[in-house]
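Notes follow the structure.
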2 protein chains.
Amino acid sequence: MAGESKPVIWMRPEQAPVGRPAERSRAEITAAAVELADREGLEAVSMRRVAAVLGTGAASLYRYVATRDDLLDLMTDSTAGEYDLSAPSGDWQADLLEIAHQARKIMRRHHWLPTLVITRPTLGPHAIDLLEHVLDVLAGHPANPARKLEAFALLNALTALFVQNELTTAHPGAQRQFAHLHHVAAGGSHPRIAALLAATSPEGNSRDPFATVLTRTLTGVLG
Amino acid sequence: MAGESKPVIWMRPEQAPVGRPAERSRAEITAAAVELADREGLEAVSMRRVAAVLGTGAASLYRYVATRDDLLDLMTDSTAGEYDLSAPSGDWQADLLEIAHQARKIMRRHHWLPTLVITRPTLGPHAIDLLEHVLDVLAGHPANPARKLEAFALLNALTALFVQNELTTAHPGAQRQFAHLHHVAAGGSHPRIAALLAATSPEGNSRDPFATVLTRTLTGVLG
DNA sequence: CGGTGTTCGCGAACACTGTTTGCGAAAGAG
DNA sequence: CTCTTTCGCAAACAGTGTTCGCGAACACCG
C-alpha cells in the first residue's frame with residue numbers, strides 16, 4: 001500500500017538493523033549543522049553546506065533525516081541537552097528562574113535558537129527530559145496539569161522572545177527602525193511617541209526586566 | 001559615490017516624482033500578497049506567485065519593493081490597519097485587553113501573521129498609529145517610558161504566541177507530537193509526564209487562559 | 001568461502017526560489 | 001517633438017530542497 005505517513009523523527013530508528021552500516025550518525029550531522037549555524041547563522045544551514053562541512057554529498061544527508069526541517073528539530077533538541085539540571089530545591093519559583101537563566105545563556109550561545117524555538121516548538125528527547133524536570137520542580141504545586149504544560153511552553157517562548165529582542169536591538173538594522181521612529185515623531189501627529197522619545201535615555205536603562213516579567217507571567221498562568 | 005545604504009521601506013517614496021508613472025501601488029501588491037497568504041500560507045508568497053496574482057512579471061515587483069522581506073513587512077503593517085481603535089476609557093487594563101482581543105481576531109483571520117509578528121517585528125505606519133493609541137491609553141500610568149514600550153511589544157508577541165499555539169495544536173502534525181509523548185510516557189522513565197498524560201482530559205479544558213496570562217504579564221512589566 | 005539481501009553514498013537532475021541585468025516602451029517636462 | 005526619467009519585464013544567475021537510480025559496501029547464512 002502507498003501513503004506511508006511519516007512519524008516524528010524521534011520515533012524513526014536511527015540505524016537499520018540490516019544492510020550496510022551508516023558511516024555517520026544523526027548526532028554528528030546535528031553537530032555540524034549547529035557549528036555552521038553558530039558561525040554563519042541559520043540561513044547558512046543548507047543541506048549542501050552541511051554536507052560540505054562533513055565532507056559528503058548533499059543527498060547523503062537524506063539517509064539520516066527525512067527533510068531539512070527534521071534537521072532543524074535535531075538542532076533545537078541538541079541544545080536542550082546543554083542544561084545543567086540539579087535537584088529541585090523546594091522553591092519552585094527560584095528553580096524555574098534558574099532554568100530560565102540557563103535558557104538565556106544557551107540561546108545567547110546559539111543566536112539562531114530563539115527563532116527556531118518560537119517558530120517550530122518541538123519535544124525531542126532532551127526537551128522531554130527538561131519537561132520532566134520542570135514537572136518535578138512543580139510536583140508540589142496544586143495546579144491543573146494543563147497549566148503546568150502552558151507554563152513550560154511560556155518559559156521557553158518568553159525567554160526566546162527576550163533574547164531575540166536583545167540580539168536584534170544590537171544589530172545595525174534596528175538603528176534604522178529607531179531613526180524612522182524619530183522621523184515620525186518629528187512629523188507632528190503622534191505626540192505620545194514624540195514625548196516618549198524625548199523622555200527616554202537611549203542607553204543606561206534601569207534593571208533587566210527579564211526575571212520580573214518571567215516570574216509574573218509564570219505566577220499568572222499557574223494561579 | 002557607491003555604497004548607497006537602504007533605509008527602511010517606510011521612508012522610501014512610493015512613487016518617483018518624474019518619469020513614467022507606476023501602473024500599480026504598494027497597497028495593491030500588498031493586498032495580493034495578503035490574499036495569497038490567507039489562501040495558501042506564507043510559503044506560497046513568492047515573488048513569482050504574487051506577480052502572477054497581479055498578472056505581471058516577477059521582476060516588476062522590485063520597482064515597488066527592494067526585497068521579499070520588505071513585502072512581508074508591508075503585509076504585517078497592513079494587518080495593523082484592521083484595528084478598530086476607540087477612545088481610551090480610563091481603565092487601561094480593560095483597554096489593553098480589548099486591543100489584545102482584536103489582535104487575536106486579526107491573527108486568526110490571517111493565520112500567517114503570528115509567525116511574521118514574532119520573527120520580524122516592524123513598526124510601519126499602521127503599527128505606529130497603534131503604538132500611539134496604546135501610549136494614549138497608558139498616558140496616565142506612572143511608568144518608565146521604556147516599560148511602556150516593552151508592554152506594547154509583549155502584548156503583540158504574547159498574543160502571537162497564543163494564536164500560533166492554538167492554530168498548530170489543531171493541525172494534524174501536533175497529533176504526532178502528542179503520540180510521541182504518550183510513547184515516551186509508556187517507556188517507564190519520565191513518571192511525571194506519564195502522570196500528567198493520565199490526569200488530563202484531552203478536550204474540554206477549563207477557561208481560556210489568554211486574558212489571565214496577558215493581564216498578569218502586563219501588570220508585571222508595568223509594575 | 002561465496003552468494004544474497006539490504007542499506008549506504010551520492011552524482012545528476014527537477015522544480016523551485018530571490019534577485020540582477022538590460023533594454024524597449026511609456027509618459028511627463030521643456 | 002525631443003529629452004529625460006522611470007516602468008515593465010523576459011532572461012539569466014546563483015542558489016535552494018528534494019528525488020532518482022545505481023554501483024559499492026557490508027553482514028549474515030548456507
Side-chain angles (χ1 to χ4, degrees), chain A residues 2-6 9 12-30 32-33 36-37 40-75 112 115-116 119-120, chain B residues 2-6 9 12-30 32-33 36-37 40-75 112 115-116 119-120:
Chain A
E4 201 65 29
S5 98
K6 207 69 84 63
I9 186 172
R12 286 187 303 252
E14 171 157 9
Q15 164 111 19
V18 296
R20 157 141 79 133
E23 293 181 3
R24 270 163 284 269
S25 66
R26 273 184 200 165
E28 230 170 313
I29 289 168
T30 307
L36 190 60
E40 304 190 34
L42 238 202
E43 68 278 14
V45 178
S46 74
M47 302 305 270
R48 272 173 255 256
R49 294 212 52 189
V50 171
V53 169
L54 291 164
T56 78
S60 309
L61 298 186
Y62 287 90
R63 295 286 178 188
Y64 301 85
V65 142
T67 176
R68 189 187 106 114
D69 285 353
D70 272 359
L71 179 54
L72 298 184
D73 287 348
L74 286 177
M75 292 170 67
W112 40 270
T115 309
L116 278 190
T119 54
R120 30 184 26 258
Chain B
E4 199 67 28
S5 95
K6 208 70 84 60
I9 186 173
R12 285 189 303 255
E14 170 156 10
Q15 165 114 16
V18 295
R20 156 140 78 133
E23 293 182 0
R24 271 164 281 269
S25 65
R26 276 185 198 164
E28 229 170 314
I29 289 167
T30 307
L36 190 59
E40 304 190 34
L42 238 203
E43 67 278 13
V45 179
S46 73
M47 303 304 269
R48 272 173 256 256
R49 294 213 52 189
V50 171
V53 168
L54 291 164
T56 79
S60 309
L61 298 186
Y62 287 90
R63 295 284 177 189
Y64 301 86
V65 142
T67 176
R68 190 187 104 113
D69 285 353
D70 272 0
L71 179 53
L72 299 184
D73 287 348
L74 286 178
M75 292 169 67
W112 41 270
T115 309
L116 278 190
T119 54
R120 29 183 26 258

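In the text below, chain A, chain B and the rest are named by the order of the sequence lines, each starting its count at 1. Quick note: numbers below take in every heavy atom, side chains included, and nothing from hydrogens, waters or symmetry partners.
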#### Entry: hbond_proxy A/R63 side chain to C/dG9 base (donor-acceptor, 3.5 Å cutoff)
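It does, because a donor-acceptor pair links the side chain of A/R63 to the base of C/dG9 below 3.5 Å.
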
### Query
Side-chain donor or acceptor of B/R20 under 3.5 Å from a matching atom on the base of D/dC7?
yes

For [Y], is there any backbone N or O sitting under 3.5 Å from a side-chain donor or acceptor partner on [X]?
| X | Y | result |
| --- | --- | --- |
| B/R68 | B/V45 | yes |
| B/T119 | B/T115 | yes |
| B/Y64 | B/R24 | yes |

Interatomic distance where [atom1] belongs to [X] and [atom2] belongs to [N] [whole Å]:
| X | N | atom1 | atom2 | value |
| --- | --- | --- | --- | --- |
| B/E14 | D/dT6 | CD | P | 16 Å |
| A/R49 | D/dA14 | CZ | P | 17 Å |
| B/L72 | C/dG18 | CG | C1' | 12 Å |
| A/R68 | D/dT19 | CZ | C1' | 18 Å |
| B/L61 | D/dG8 | CG | P | 10 Å |
| B/Q15 | D/dC7 | CD | P | 6 Å |

Measure from the side chain of [X], starting at C-beta and using heavy atoms only, and say which of [options] lies closest.
| X | options | result |
| --- | --- | --- |
| A/R48 | D/dT18, C/dA26, D/dC20 | D/dT18 |
| B/T67 | D/dG8, C/dT19, C/dG9 | C/dT19 |
| A/M47 | D/dT18, D/dA10, C/dC23 | D/dT18 |
| A/E23 | C/dT21, C/dG9, D/dG8 | C/dG9 |
| A/Y62 | C/dT19, D/dG8, D/dT19 | D/dT19 |

### Message
For A/R12, is there an ion pair with A/D70 - N to carboxylate O distance below 4.0 angstrom?
### Response
yes

Applying a 4.0 Å non-hydrogen cut-off, can you work out what [X] is touching in the nucleic acid: base, sugar-phosphate, or nothing?
| X | result |
| --- | --- |
| B/A22 | sugar-phosphate |
| B/G57 | sugar-phosphate |
| A/S60 | base |
| A/V65 | nothing |

### Task
Output yes when at least one side-chain N/O atom of B/S46 is less than 4.0 Å from OP1 or OP2 of C/dT17, else no.
yes

### Task
Assign each of A/A58 and B/P21 to its nearest nucleotide of DNA chain D by heavy atoms, then name whichever residue's nucleotide is nearer the 5' end.
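Comparing both residues, the 5'-ward one is B/P21.
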
#### Entry: Whichever of A/T56 and B/D69 has its nearest DNA chain C nucleotide further upstream toward 5'
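Here A/T56 is the residue nearer the 5' end.
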
### Summary
Taking for B/G19 and for B/A59 the nucleotide of DNA chain C with the nearest heavy atom, the one nearer the 5' end belongs to B/A59

### Message
Measuring from atom CD1 of A/I29 to atom CE of A/M47, what distance do you get when rounded to the nearest 0.5 angstrom?
### Response
8.5 Å

